[in-house]
Colleague: 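Input: one structure, supplied below.
So that the names make sense, note that chain A is the first sequence line, chain B the second, and so on, each numbered from 1. For the numbers below, each heavy atom of this structure counts, side chains included, while hydrogens, waters and symmetry mates do not.
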Number of protein chains: 2
Amino acid sequence: MKNKREAILQATLELITTNGIHATPMSEVAKQAGVAAGTIYHYFESKTELINDLYAVLKQRMGEALMQNTEGQTSVKDRFFRFWLNLYGFFVQNPKEFDFLENYAQSPVVSEDVKKANEVHYSPVIAFLAEGIQKGVLREMPVALMTALVYGNVVAAAKLHLYGGFPLQPAHLQQAMQASWDGVRIN
Amino acid sequence: MKNKREAILQATLELITTNGIHATPMSEVAKQAGVAAGTIYHYFESKTELINDLYAVLKQRMGEALMQNTEGQTSVKDRFFRFWLNLYGFFVQNPKEFDFLENYAQSPVVSEDVKKANEVHYSPVIAFLAEGIQKGVLREMPVALMTALVYGNVVAAAKLHLYGGFPLQPAHLQQAMQASWDGVRIN
DNA sequence: TGTAACCGAATGAACGTTCGATTGAAGATG
DNA sequence: CATCTTCAATCGAACGTTCATTCGGTTACA
């Protein structure tokens, strides 16, 4: 039964994002998942491991969303916009996942090992930006910095849309993407 | 004695940022602050109120840092860079404060009321950006969106510097600020 | 002498985890 | 096809610990 494992992870995500880690007891997770408390320990060694596993699962999903339809041989600009929208779309369509990743990812409960191991999901983007720089389309700048700036923009836009009481219209999205692009492109 | 109150807040900040909320018992806060457990309840009604007070104190400090030397009648661009550096400097010089504000601010422990009440500290920046738009120097764009994008950049840069294993040199900072600026300025 | 600040042991609730018992399905045996 | 064996999956009460908070008493100062 993969269902139960999935149900436990889902319940954990929902409870943690609405109540916080310190206020989601395992008993509550069990109830929400439709499972006995002891059963959780059949799938996860501890509460900490449960949370770390959840982090890994969500990071992977985010990575998959990020990569959708990025194979074509279009321009750097088009691919930049595609990545941007992919990430934004994932965040906005998966608010709980976004919430968890943003707010609990760098909390001390998630181990450094797990974080490191999940950086893989970004590597195609890193490569893409490096290529853009090498082609002379993007600015000379450490790729790490460029990634951070753009990622920061996407996160900012998603937060504004989801929590900021300011639902972004397509026109706003266009402005936001353009701002990101103008910040890293040459000229 | 204002000292004890201050010591308790400081201890709370340090323990929460290194261990997380769920792993900082009041007994530990007391020990670190050099105070008896009961004394904390002389200054704060509960753990929740303690955390909310800490949030308010830190937000205010951030607001003060943000405003330093922004009175002069220089160009929009100069003032933009000044705000940017003020915020970045505060984050980098106060890593614990930054950590707390970024990671626990929107956790469910901090009440919505307190968050709303502390939005005041941003208002001069909002006004500045609105003025820049009206002068035709900054793009036509909702101020909320512009604020979010730029703030997102500053946070991203600070995180990269502090946690990303990529200490930003002055040249990098210049690139980051320029990217932010190019994203919102006209042309 | 009164009162605000302070102490820290005690309290009671809540929590993560354990464990012995139960179930059910998948072979194995006859 | 019936019966037996096995073991992973599941349950939930119980355990031991930890924690936020209380409170009766003490200190220090005005």
Colleague: Across nucleotides 7-18 of chain C, 5' to 3', mark each nucleotide with B, S or - according to how protein heavy atoms within less than 4.0 Å reach it.
Modeller: BB------SSBB
Colleague: In terms of side-chain heavy atoms, does Asn153(B) have a donor or acceptor partner in Ser180(B) at a distance below 3.5 Å?
Modeller: yes
Colleague: Would Arg5(B) and Asp53(B) pass as an ion pair if we require N to O under 4.0 Å?
Modeller: yes
Colleague: Start with the C-alpha distance between Tyr104(A) and Tyr55(A), add both sets of side-chain angles, then the distance that settles ring pair (Phe, Tyr, Trp, His ring centres under 6.0 Å), and finish with yes or no.
Modeller: CA-CA 9 Å; Tyr104(A) 299 97; Tyr55(A) 174 83; over 10 Å; no
Colleague: What is the distance, rounded to the nearest whole Å, between atom CD1 of Ile40(B) and atom P of dA20(D)?
Modeller: 9 Å
Colleague: Quick one: do Glu119(A) and Lys59(A) make a salt bridge, cutoff under 4.0 Å?
Modeller: no
Colleague: Distance from Thr24(A) atom OG1 to Gln32(A) atom CD, nearest 0.5 Å?
Modeller: 10.0 Å
Colleague: His42(A) NE2 to dG20(C) P: how many Å, rounded?
Modeller: 17 Å
Colleague: Whole angstroms only, please: what is the CG-C1' distance between Asn19(B) and dT18(D)?
Modeller: 15 Å
Colleague: Would you mind checking if Arg82(A) and Glu71(A) are paired as a salt bridge, meaning a charged N to carboxylate O distance below 4.0 Å?
Modeller: no
Colleague: Does a nitrogen or oxygen in the side chain of Tyr43(A) sit under 4.0 Å from OP1 or OP2 of dT10(D)?
Modeller: yes
